Structure formats: structure tokens, C-alpha cells
Amino acid sequence: MIKLQVIGNLGKDAVVNDVNGRKVINFSVAHTERYKDAQGAQKERTVWVECAYWTDRTAIAPYLKKGTQVYAEGQPDVRTYTTQDGRQGASLSLRIANIQLLGSKSEGGASGGNAPSGSYASNAATMDSMSDAGAELPADDLPF
């Protein structure tokens, strides 16, 4: 089995489709790599990955908005095609097994946000509000 891991930003809002009674969430993830060529000029290369997340749990779909940074992993598939002008092309697609939201461009600037996802962010905010209110943490509760 080949497993591909992708971290990048969504290029557009996710779309939930119903295919033969099964739900699929379709979205595209882009990763831009910046580098210098042999002459020292700054270059950019963007790789797009088309993703299909086959699941009955579609509650994540409203959070998959354009610009949201995600971590996705699954099985890759390369699809070849011929354009209208006769050129050969290829696209990379990914059948998603696991996905995590990492942030969005609106959180903390244009870099994709620095706030961690999951329960850590909410626990840190709770601990900050407790310390601001003068409440003490229980003696056996470690802050990390």
C-alpha cells in the first residue's frame, strides 16, 4: 500500500456529492514551493491534489472552505487525460483516509494561522481565562 500525506490550502470550498447512495466530499489542496533557480531568481511551483473523502460523516464539510489549511492522508491515484488541443496531461488525486483541519488564512495572518487545532487550543484558552480570573489550578493538575 502506498500512503500519501499532504499539507496545503484548499483552493475552493468543498462540495458534498451523493454517488450511488454514498457520500463523498470533493475538494482540492494546493501546496506552493518557493525556490531559487540556477541564476538565483525566485521561483514558485504549485502542486494541486484533487481529493475525494468517501464518508458518511460529512459534518466536516462546512469547515472545508477556500484557504483553509489541512492535513490529509490517503491512497494516491494519477489520472491521465488528453486536452482539447491534443496534449497529454496528468492530475494527482487522493482517496482520503484521514483529514485534520490546521487553520485558515483568516487566523493569524496570511501564513495559514498559528493556532493549533483540536482540544489543545480550547484548553489553553480555558487555562488563560482561569489565571486571569485569579482562580488557582488544582495542585495535582500539571499545566502541560
Side-chain angles (χ1 to χ4, degrees), residues 1-133 135 137-138 141-144:
M1 176 172 133
I2 297 175
K3 181 166 91 170
L4 182 67
Q5 299 173 330
V6 177
I7 295 177
N9 296 327
L10 269 63
K12 59 183 177 181
D13 294 354
V15 177
V16 178
N17 295 311
D18 190 17
V19 178
N20 296 330
R22 294 186 61 202
K23 300 281 187 193
V24 61
I25 303 172
N26 293 308
F27 56 93
S28 57
V29 177
H31 172 74
T32 301
E33 180 180 346
R34 291 169 182 83
Y35 63 96
K36 290 185 179 181
D37 65 7
Q39 290 76 29
Q42 188 76 15
K43 299 282 185 174
E44 286 187 357
R45 180 178 58 198
T46 301
V47 175
W48 287 91
V49 181
E50 295 297 322
C51 299
Y53 185 31
W54 293 87
T55 182
D56 291 329
R57 300 174 296 182
T58 58
I60 195 172
Y63 300 101
L64 296 173
K65 298 287 185 189
K66 180 178 180 177
T68 301
Q69 188 178 44
V70 296
Y71 164 82
E73 66 181 25
Q75 294 179 315
D77 185 31
V78 177
R79 297 180 184 180
T80 58
Y81 57 90
T82 304
T83 61
Q84 290 180 347
D85 59 359
R87 293 185 298 144
Q88 293 293 317
S91 68
L92 179 62
S93 62
L94 187 63
R95 185 177 179 121
I96 301 295
N98 182 24
I99 186 168
Q100 291 179 340
L101 299 173
L102 299 179
S104 68
K105 288 188 177 185
S106 62
E107 292 178 8
S111 66
N114 295 326
S117 64
S119 62
Y120 174 76
S122 61
N123 289 344
T126 303
M127 289 178 65
D128 286 343
S129 65
M130 286 177 63
S131 64
D132 290 344
L137 294 175
D141 193 11
L142 299 176
F144 53 90

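Counting begins at 1 with the first residue of the sequence. These numbers were taken from a predicted model, which means no experiment stands behind them.
By the 4.5 Å heavy-atom criterion applied to side chains, Y53 and T58 are not counted as neighbours. Between V70 and L102, every side-chain heavy-atom pair lies at or beyond the 4.5 Å cut-off. Inter-residue side-chain proximity for I60 and L101 is flagged as met; some heavy-atom pair is nearer than 4.5 Å.
Residue A14 comes nearest to A61 through the heavy atom pair CB-O, 4.3 Å, listed as atom of the first residue, atom of the second, then distance. The two residues V16 and K23 come nearest to each other via the heavy atoms CG1-CD, 4.3 Å. Between C51 and V29 the shortest heavy-atom distance is SG-CG2, 3.9 Å. The nearest pair of heavy atoms linking E33 to Y35 is O-CD2, 3.9 Å. For the residue pair L10 and K65, the shortest heavy atom distance occurs at CB-O, 3.5 Å. Minimum interatomic distance between S28 and W48 (heavy atoms only, all atoms of both residues): OG-CZ3, 3.7 Å.
Atom OG1 of residue T83 and atom CD of residue Q88 lie 8.0 Å apart, to the nearest 0.5 angstrom. Considering CD1 of I7 and NE2 of H31, their distance stands at 9.0 Å, rounded to 0.5 Å. For the atom pair OG1 of T68 and CG of L64, the computed distance is 7.0 Å after rounding to the nearest 0.5 Å. Annotation: the span from K3 atom NZ to Q75 atom CD amounts to 10.5 Å, rounded to 0.5 Å. Distance CG/L4 to CG/L92: 6.0 Å, rounded to 0.5 Å. Rounding to the nearest 0.5 angstrom, the gap separating the CG atom in D56 from the CZ atom in R22 is 7.5 Å.
A donor-acceptor pair under 3.5 Å is formed between the side chain of S93 and the backbone N or O of D77. At distances below 3.5 Å, not a single donor-acceptor pair connects side-chain atoms of N26 with backbone N or O atoms of A52.
More than 12 heavy atoms of other residues, nucleotides or ligands lie within 6.0 Å of CG in D85, so this atom counts as buried by the packing criterion.
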